[in-house]
Amino acid sequence: MIAVIIRIALRYCAGVLVARGLLGADDASAFSADPDIQMTLETGLGLAIAATAEWWHLLARRFGWEH
């Protein structure tokens, strides 16, 4: 299910970048169609979310926010 959501988000982001002229149509289709790029982005996003959650938990424990 997450892959479907990521794919849809990539298509919208690629469309916005093409509309602004930052990516060509070929680059945009690569973002929305290449499963390797999607897997890399999903993994990176998952790692970023996990790191943010762990960092927040560390701060909560250090400053006593977890009560």
Side-chain angles (χ1 to χ4, degrees):
M1 184 64 182
I2 191 74
V4 173
I5 295 170
I6 295 294
R7 191 176 308 123
I8 291 168
L10 284 173
R11 286 181 183 151
Y12 281 114
C13 291
V16 168
L17 292 175
V18 168
R20 294 187 69 195
L22 298 176
L23 284 180
D26 294 334
D27 296 330
S29 67
F31 276 122
S32 63
D34 190 3
D36 291 332
I37 293 174
Q38 291 173 7
M39 183 181 65
T40 303
L41 289 173
E42 288 174 11
T43 303
L45 185 60
L47 289 173
I49 290 170
T52 302
E54 289 298 321
W55 179 251
W56 189 260
H57 180 69
L58 176 70
L59 288 175
R61 291 190 75 185
R62 182 168 292 170
F63 293 114
W65 298 339
E66 66 181 348
H67 297 313

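Positions are given from 1, in the same order as the sequence printed here. Fair warning: this is a prediction, and the values are worked out from it, not measured in the lab.
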All side chain to side chain contact (heavy atoms under 4.5 Å, CB included) counterparts of Arg61, not counting sequence neighbours: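 Expected list: His57, Glu66.
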Partners passing side chain to side chain contact (heavy atoms under 4.5 Å, CB included) against Phe63 (at least two apart in sequence or in another chain):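 By the side chain to side chain contact (heavy atoms under 4.5 Å, CB included) rule, Phe63 matches Leu59, Trp65.
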Nearest-0.5 Å distance, CD of residue Gln38 to CG of residue Asp34: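 Result: 7.5 Å between the selected atoms.
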Rounded distance [0.5 Å steps], OG1 in Thr40 versus CG in Leu45: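 Result: 12.5 Å between the selected atoms.
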Contacts table for residues 49-56: side-chain donor-acceptor under 3.5 angstrom, sequence neighbours left out:
{"from": "Thr52", "atom 1": "OG1", "to": "Ala48", "atom 2": "O", "distance (Å)": "2.8"}

